[in-house]
There are 2 protein chains.
Amino acid sequence: MEISTKLRYGARALAELGLTYPKRPVPARELAEQQGLSVKYLEHILSALKAAGIVNSKRGMSGGYELARSPEQITMKAVFNALEGSTAPVKCVENPEICSQYDDCPTRPVWEELRDSIDGVLGSTTIADLTERIRSSAKYGKTTYQI
Amino acid sequence: MEISTKLRYGARALAELGLTYPKRPVPARELAEQQGLSVKYLEHILSALKAAGIVNSKRGMSGGYELARSPEQITMKAVFNALEGSTAPVKCVENPEICSQYDDCPTRPVWEELRDSIDGVLGSTTIADLTERIRSSAKYGKTTYQI
DNA sequence: CTGTTCTCCTATTATAATGATATGAAAGAT
DNA sequence: ATCTTTCATATCATTATAATAGGAGAACAG
């Protein structure tokens, strides 16, 4: 039950966007370089984040991506939902109709508890928390990357 | 981030084994019929549960599988680990050496929190809880299946 | 109005994981 | 002996993930 690379890379990219917010948009190329990813792959991820209303984009020279809201207002739950889908570990939890034994299933309550617990963690963490960790990191300010 | 069918089917099978514990072993065929699964597939699952020390098995006539301990002593965390692997949503959480940026990763703490939260839920639920739900279910006693 | 920088859209491919089936050997009970 | 069951291994189909590729179209600078 691992998370996808999309969520991993996407979350880190958003953490970086938190650093520049609200100063300037950052091109996908720049974000990709920081993480050592291909620009094309990160573009996909950013596209999904845009579709979810988490980032805005600007085309052309000195364009790029920027957070659509302040970092404090973007929860990891929203990011998870955008890049990973539902937090429910089984489909029946969100679509009761797909299981004929829904009401009598002895295991479903466990999966519901899991979902709620995951939602709790993700809902109480924001991009601001991630960005703050970059700021207080040992390497912060020592890299070649300029804000 | 869904759980596998192995865990879903396996958990239900264990809940059923809780009903008969400690009276008699139940053959895979019987457990498979209850869930409408192929015997062969469930055999794989039960085999993994046996390797994890969660069930015991007995060959030959009137053989089958039975819980290795009392239902109260088998947590869903043990079952998850046996059928799904680690509860860590990313590998680096359990193997720091695979990531060069381990100490400075702004997202890792989130994944660690997620793991702990999942462990909490799974660790506080036992097979006894599942079995109890079968016992108090509307259909219990009305099926053709005899204990 | 031209070139550059960038997002954006769609298609394709590779790889791995899951889900499942199949065959038959080995062990135990009667 | 024979029936029932676990056990071991191999194979296959399907899906999801991860990633790459090519190029169209917007914004802006000169």
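Order of the sequence lines fixes the chain letters, A, B, ..., with proteins taken first and strands second; residue numbering starts at 1 for each chain.
- Rounded to an integer number of Å, the gap from A:Leu83 CG to D:dA18 P is 11 Å.
- Contact annotation: A:Ser38 side-chain N/O to D:dT20 OP1/OP2 distance is under 4.0 Å.
- A close approach under 4.0 Å does occur between a side-chain nitrogen or oxygen of B:Tyr9 and OP1 or OP2 of C:dA20.
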Where protein sits on nucleotides 7-17 of chain C, one letter per nucleotide: B base, S sugar-phosphate only, - none, heavy atoms under 4.0 Å: BB-BB------

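- Every pair passing side-chain hydrogen bond (donor to acceptor under 3.5 Å, both in side chains) that includes a residue from residues 53-68 of chain B is listed here, sequence neighbours excluded: B:Lys50-B:Ser57.
- Atom OH in B:Tyr41 sits about 15 Å away from atom C1' in D:dT11, given to the nearest Å.
- Taking B:Glu84 as the reference, nothing meets the salt bridge (Lys or Arg N to Asp or Glu O under 4.0 Å) condition, with sequence neighbours excluded.
- Side-chain N/O atoms of B:Ser62 include none lying less than 4.0 angstrom from OP1 or OP2 on D:dT4.
- To the nearest angstrom, C1' of D:dT20 lies 13 Å from CG of A:Leu37.
- When the P atom of C:dC6 is taken as reference, atom CG of A:Asn56 falls 18 Å away, rounded to whole Å.
- In this structure, B:Asp129 has no salt bridge (Lys or Arg N to Asp or Glu O under 4.0 Å) partners at least two apart in sequence or on a different chain.
- Rounded to an integer number of Å, the gap from CD1 of B:Ile45 to P of D:dC7 is 15 Å.
- In A:Glu94, the CD atom is crowded: over 12 heavy atoms of neighbouring residues, nucleotides or ligands sit closer than 6.0 Å.
- Rounded to whole angstrom, the span from the CE atom of A:Met61 across to the C1' atom of D:dC28 amounts to 7 Å.
- In this structure, CG of B:Leu31 is placed 18 Å from P of D:dT4, rounded to the nearest angstrom.
- We find the CD-CD1 distance between A:Gln73 and A:Ile127 to be 12.0 Å, quoted to the nearest 0.5 Å.
- Not counting sequence neighbours, the partners of B:Glu2 by the salt bridge (Lys or Arg N to Asp or Glu O under 4.0 Å) test are A:Lys91.
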Give the table of side-chain donor-acceptor pairs shorter than 3.5 Å for residues 35-46 of chain B, with sequence neighbours excluded, one pair per line with atom names and distance.
{"residue": "B:Gln35", "atom": "OE1", "partner": "B:Arg12", "partner atom": "NE", "Å": "3.3"}
{"residue": "B:Gln35", "atom": "NE2", "partner": "B:Tyr9", "partner atom": "O", "Å": "3.1"}
{"residue": "B:Ser38", "atom": "OG", "partner": "B:Tyr41", "partner atom": "N", "Å": "3.0"}
{"residue": "B:Tyr41", "atom": "OH", "partner": "B:Thr5", "partner atom": "OG1", "Å": "2.9"}

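- Note: CG (B:Leu7) to P (C:dT18) measures 12 Å, nearest angstrom.
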